[in-house]
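Here, residue 1 is the first one in the sequence, and each next residue gets the next number. Everything numeric in this text was worked out from a predicted model, so none of it was measured. In listed order, ligands and their atoms are each counted from 1.
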Amino acid sequence: MSAQTKGEKVFRGIAVSSGVCRGKILVLHRARHIVARRDLAEPEIAAETKRFEQVLVKTGQQIKEIQRRVVTNMSATEGDIFEAHLLMLEDRVLIEEVIRFILEHKTNADYAFHTVAERYVAALEQVDDEYLRERAADMRDLTGRVLDNLLEVKDAFHLSHLTEPCILVSHDLSPSTTAQLDKKFVLGFATDIGGKTSHTAIMARSLDIPAVVGLQNVAEELENGDYALLDGYNGTIIVNPTDQTLFEYGQLEKNKASLDEKLREILSQPAITLDGKPIRLSANIEDQHDVASVIAHGAEGVGLFRTEFLFINHESPPDEAAQYKAYREVAVALKPHHVIIRTLDLGGDKFVSNLQLAQEMNPFLGWRAIRFCLAQPQLFCAQLRAILRASAEGNVKMMYPMISGLDELNQANALVEKCKAELRIEKIPFDENLEVGVMIEIPSAALIADALAKRAKFFSIGSNDLIQYTLAADRTNEKVSHLYEPTHPAIIRLIKATIDAAHANGIWAGVCGEIAGDPVLVPLLIGLGVDELSAAPPVIPEVKYMIRRVKMSEAQALAEFALKCESPSEIYAHCLEVAKQTAPSLFESKV
Ligand code: PEP
Ligand code: MG
């Protein structure tokens, strides 16, 4: 029975992309492939294996085309999903297994591929690791595409045929389908399965489409044409909302519209506290295409350029010239504001197909970032030279990720000096005074911040990693997310010690981890003495709004409380209270 004949019904799931939308439901049911077994005569077998290989090539070309479109329209991160699809598609173990199946069972390629791929999907779905389980969705996505080509069927979704706005509801939404969503017609989406770290969720945030996942069996319960309201802040979809519900959400939308207006008004205003202390508000970017967003959201410059994303979507690592071009473009566009280029931070959860990083038992504790770069001086020096060259054209600074002690800093600096000497001989200009900073994201670095501060021009606190390493809680694992607490007293003390060591040695300290973009935590960070906050461009206006409404005296009182308090939840509660009192408008548009 349609939900239309019933009263209001609320489905609860996981909020993955904020915003509220309302409209008619469109339920997507991907047509199941009918894969029949067909026995082959001996002479047909060779042609069938050839057909299979040709379909793989065709599928690869289609994926690359979608990837190209996604990278152009969204960002390198989203395009990365298709890199995973291509890797699965080129997996020789899988391909050989399918060919063996065709040869041994003398059967058609569609049946062989379907059988083998289903085994892979089933195995991935059994794994006790959320990230890998979510890769089963990638595998299904890819399998569907290969089968479409083997069976010569068209994409059953026909999303390109949408003519009126709707809320998409589906059991699952593959990343490649999500990439094709047209914001004009897709107001939001809801799925039965999925988690916060799934690629589909990442894409929804990037597209700025409200989305809720993990709604269990919503695709079964809802029907085309049902009227619903989707709340991406709280993770609900409300079917047949009552007048009262619509009124409440209408109020929220008004609040959000008036907040947006307030945020627009301060776009070009400085990030300065109510009592006059300027806080540099910079943006985190992943490639040169993000510059427009930095400017549009009113950031002052770039506090973190995650250069590894230049490596992730390319067939081979970008050489010195390609990197120079990207760095220069950003530096010139944002001049006179600074652009802090972080040297490569590969490893951990950032995988790159073209640099054969071996699988590790504990990748976050392994061959990552500066450790990897110091062991690959050729690769590292190409980047250092590119950064140095770009420094001649704008206000470029450079920082090293994952410094754990003085030796790494000294070794990296020695390579910089070597590169500078080469450039001098080659008469290639660079900024002789290029400032080099250190990311503080390993507890050991925070504890020797005084020694590091004597050898660096600035600190940038990478709270994402500092929290995971201090609290031994994997930042990508939902099962330990309750332990991943930014307001844990240990974190607050480490941040304070880092900032104090910086100031005692005459250098500045910023924060570029996600906490810098959380308005609830901004007063605390300012109170702890931070000089720069760097966050994703879309959250910059809210952070600026908070900075402009807080007084240093209030922020310092909050920091003093946090430094004495022993309970993470009490500290957080106090931060929330202060944030709500300081900037109530930021909270009025969220339920
Ligand atoms: C951090 O660790 O806080 C940080 C900014 O770096 P990343 O998130 O790229 O590891
Ligand atoms: Mg980090």
Side-chain angles (χ1 to χ4, degrees), residues 75-77 80 131 196-197 202 205-206 280-287 290 294 299 301-312 339-352 357 362-373 383 397-404 408 412 437-446 449 452 458-477 481 484-488 490-492 494-495 498-499 509-518 521-522 525 528 530 532-537 539-540 543:
S75 79
T77 325
D80 192 26
Y131 180 80
K196 268 203 160 123
T197 59
I202 295 168
R205 287 194 285 273
S206 178
R280 196 170 41 248
L281 185 52
S282 309
N284 294 349
I285 64 166
E286 288 161 7
D287 61 36
D290 293 335
V294 173
V302 167
L304 167 64
F305 186 159
R306 288 184 162 102
T307 58
E308 50 280 2
F309 287 94
L310 298 176
F311 287 64
I312 283 174
V339 173
I340 303 182
I341 304 179
R342 175 175 75 181
T343 60
L344 261 183
D345 183 7
L346 286 172
D349 61 346
K350 286 174 239 178
F351 94 105
V352 177
L357 291 177
N362 290 306
F364 276 115
L365 301 181
W367 209 37
R368 183 185 166 191
I370 197 73
R371 304 160 180 198
F372 170 77
C373 285
Q383 176 169 50
K397 296 181 169 61
M398 177 170 80
M399 68 182 175
Y400 307 127
M402 294 279 293
I403 292 288
S404 65
E408 285 163 333
V438 169
M439 280 195 77
I440 303 293
E441 50 184 349
I442 298 182
S444 60
L452 291 169
F458 62 91
F459 284 160
S460 187
I461 299 171
S463 53
N464 303 340
D465 278 315
L466 187 62
I467 296 169
Q468 84 161 342
Y469 293 130
T470 305
L471 304 177
D474 183 339
R475 62 193 261 193
T476 65
N477 186 340
S481 61
Y484 189 95
E485 291 178 297
T487 51
H488 192 293
I491 302 301
I492 291 166
L494 286 177
I495 292 177
T498 302
I499 295 172
V511 176
C512 63
E514 293 303 299
I515 59 172
D518 182 349
L521 300 176
V522 163
L525 295 174
L528 289 169
V530 79
E532 176 183 277
L533 293 172
S534 189
V539 301
I540 294 284
V543 173

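- Across the listed options Asp465, Ile467, Leu304, Ile440, Asp465 owns the non-hydrogen atom lying nearest to atom 10 (O) of ligand 1.
- Residue contacts with ligand 1: Glu514 is placed with no nitrogen or oxygen under 3.5 Å of a nitrogen or oxygen of the ligand (distance criterion only).
- Side-chain contact between Ile515 and Ile495 is present, with heavy atoms from C-beta onward closer than 4.5 Å.
- For Glu441, the N, O or S atom with the smallest separation from the Mg ion (ligand 2) is OE1.
- Side-chain contact check for Glu532 and Ser282: at least one donor-acceptor pair (N or O, by modelled atom type) lies under 3.5 Å.
- The side chain of Asp345, and not its backbone, has at least one atom closer than 4.0 Å to an atom of ligand 1 (non-hydrogen atoms only; side chain from C-beta on).
- Ligand 1 places these atoms under 4.0 Å from at least one heavy atom of Arg368: 10 (O).
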Step by step, work out the side chain to side chain contact (heavy atoms under 4.5 Å, CB included) result for Leu471 and His488.
CA-CA 9 Å; Leu471 304 177; His488 192 293; 3.5 Å; yes

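- Interface of Gly462 with ligand 1, defined as ligand atoms under 4.0 Å from a residue heavy atom, comprises 1 (C), 2 (O), 3 (O).
- The heavy atom nearest to atom 9 (O) of ligand 1, considering only Met402, Glu286, Arg306, is found in Arg306.
- In Asp465, the N, O or S atom that comes nearest to the Mg ion (ligand 2) is OD2.
- When all heavy atoms are compared, the tightest approach of Leu344 to Glu308 is CD2-CA, 3.5 Å.
- The Cys512 neighbourhood of ligand 1 comprises atoms 5 (C), with distances under 4.0 Å to a heavy atom of that residue.
- Contact annotation: for Arg342 versus ligand 1, heavy atoms closer than 4.0 Å belong to the side chain alone.
- One finds a salt bridge joining Asp465 and Arg368 here, because a Lys/Arg side-chain nitrogen approaches an Asp/Glu carboxylate oxygen to under 4.0 Å.
- The shortest non-hydrogen separation linking Pro401 to Thr343 is CD-OG1, 3.1 Å.
- Put simply, the side chain of Leu466 reaches to within 4.5 Å of the side chain of Leu494, judged on heavy atoms.
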